[in-house]
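Just so it is clear, the structure is predicted and the values come from calculations on it, not from any experiment.
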Amino acid sequence: MNKRRRAERAGRLAETLAALWLTCKGYRVLARRARTPYGEVDIAALKAGVLVIVEVKNRATQEAALASVGAYQRGRLLRAAQHLGQRWRIGAAPIRLDLMVVRPGGYLRHVRGAFRLDDGPM
């Protein structure tokens, strides 16, 4: 199996683990790998009336995961979230951008509100 294919499999597994964890924590997963005109969203979920967009990163550290999501990608995630909110008729719901770090061994770290909506890390 080539390197790209291994990375794709690892990414899918990371997203599955993240979705299961979120479900166990009371989030309602609305979509995985949701496609929008602005790009793909790893996980879109709803909790307490908040539309939560979760970017899943398979990295060794939280810092490495945060650094891997640049300003352009944060803007893309926000536009995709707004699009999904309108598509699902929950456009008035507040939006939160989270990060789920999947570390070696399957250890999960959920960073709520990892990215500010005005395009800067929190």
Side-chain angles (χ1 to χ4, degrees):
M1 185 179 308
N2 67 26
K3 190 174 183 178
R4 182 180 173 108
R5 201 177 252 175
R6 276 194 306 269
E8 175 71 19
R9 284 185 68 192
R12 284 187 185 272
L13 177 60
E15 289 169 7
T16 298
L17 289 172
L20 288 171
W21 190 92
L22 290 166
T23 300
C24 289
K25 291 295 185 177
Y27 289 77
R28 189 171 127 223
V29 175
L30 302 174
R32 291 179 52 197
R33 294 192 169 214
R35 293 183 181 200
T36 75
Y38 307 100
E40 190 175 90
V41 168
D42 292 339
I43 298 173
L46 199 60
K47 185 167 185 183
V50 176
L51 176 58
V52 181
I53 301 301
V54 183
E55 182 67 15
V56 180
K57 292 294 182 181
N58 205 4
R59 299 287 189 277
T61 67
Q62 179 177 322
E63 293 74 23
L66 282 167
S68 71
V69 183
Y72 176 79
Q73 187 174 6
R74 290 190 301 268
R76 182 190 61 75
L77 287 170
L78 177 58
R79 289 187 300 277
Q82 292 166 335
H83 177 83
L84 291 172
Q86 290 173 350
R87 181 192 300 170
W88 295 330
R89 295 195 167 112
I90 55 173
I95 296 170
R96 190 177 79 211
L97 302 179
D98 290 4
L99 176 70
M100 184 73 75
V101 184
V102 181
R103 293 177 20 198
Y107 175 76
L108 298 172
R109 171 85 167 120
H110 183 196
V111 184
R112 291 169 193 83
F115 311 107
R116 294 189 337 206
L117 298 182
D118 63 359
D119 196 34
M122 289 185 107

(request) For side chain to side chain contact (heavy atoms under 4.5 Å, CB included), just list the numbers for L22 and M100, CA-CA rounded to whole Å, side-chain angles, deciding distance to a tenth of an Å, and then say yes or no. (result) CA-CA 10 Å; L22 290 166; M100 184 73 75; 3.9 Å; yes

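- Between K57 and E55 a salt bridge is recorded (basic side-chain N to carboxylate O distance below 4.0 Å).
- Both I95 and L46 are members of a single hydrophobic cluster when ILVMFWY side chains are connected at heavy-atom separations under 4.5 Å.
- Side-chain atoms of K47 do not come within 3.5 Å of backbone N or O of V29 as any donor-acceptor pair.
- Hydrophobic cluster membership differs between V52 and F115, with clusters built from Ile, Leu, Val, Met, Phe, Trp and Tyr side chains linked at under 4.5 angstrom.
- The main-chain N or O of V69 is found under 3.5 Å from a side-chain atom of R74 such that the two form a donor-acceptor pair.
- Taking CD1 of I53 as the reference point, atom CD of Q82 lies at 10.0 Å (rounded to 0.5 Å).
- One distance of note links OH of Y38 with CG of L78; it measures 10.5 Å at 0.5 Å rounding.
- V102 and Y27 fall within the same hydrophobic cluster, defined by Ile, Leu, Val, Met, Phe, Trp and Tyr side-chain heavy atoms under 4.5 Å apart, directly or through other members.
- Within the 4.5 Å cutoff, the side chain of L30 has heavy atoms near those of the I90 side chain.
- Contact check for L51 versus W88: side-chain heavy atoms found under the 4.5 Å cut-off.
- With hydrogens and angles disregarded, a donor-acceptor distance shorter than 3.5 Å links the side chain of R79 to the backbone of G75.
- Judged by distance alone, the side chain of R103 and the main-chain N or O of Q62 form no donor-acceptor pair under 3.5 Å.
- Both L108 and L13 belong to a common hydrophobic cluster when Ile, Leu, Val, Met, Phe, Trp and Tyr are linked at side-chain heavy-atom distances under 4.5 angstrom.
- Using a 4.0 Å cut-off between a side-chain N of Lys or Arg and a carboxylate O of Asp or Glu, R4 and E8 do not qualify as a salt bridge.
- Here R89 contributes atom CZ and L84 contributes atom CG; the two are 14.0 Å apart, rounded to the nearest 0.5 Å.
- With 3.5 Å as the limit, one finds a donor-acceptor pair spanning the side chains of R32 and T16.
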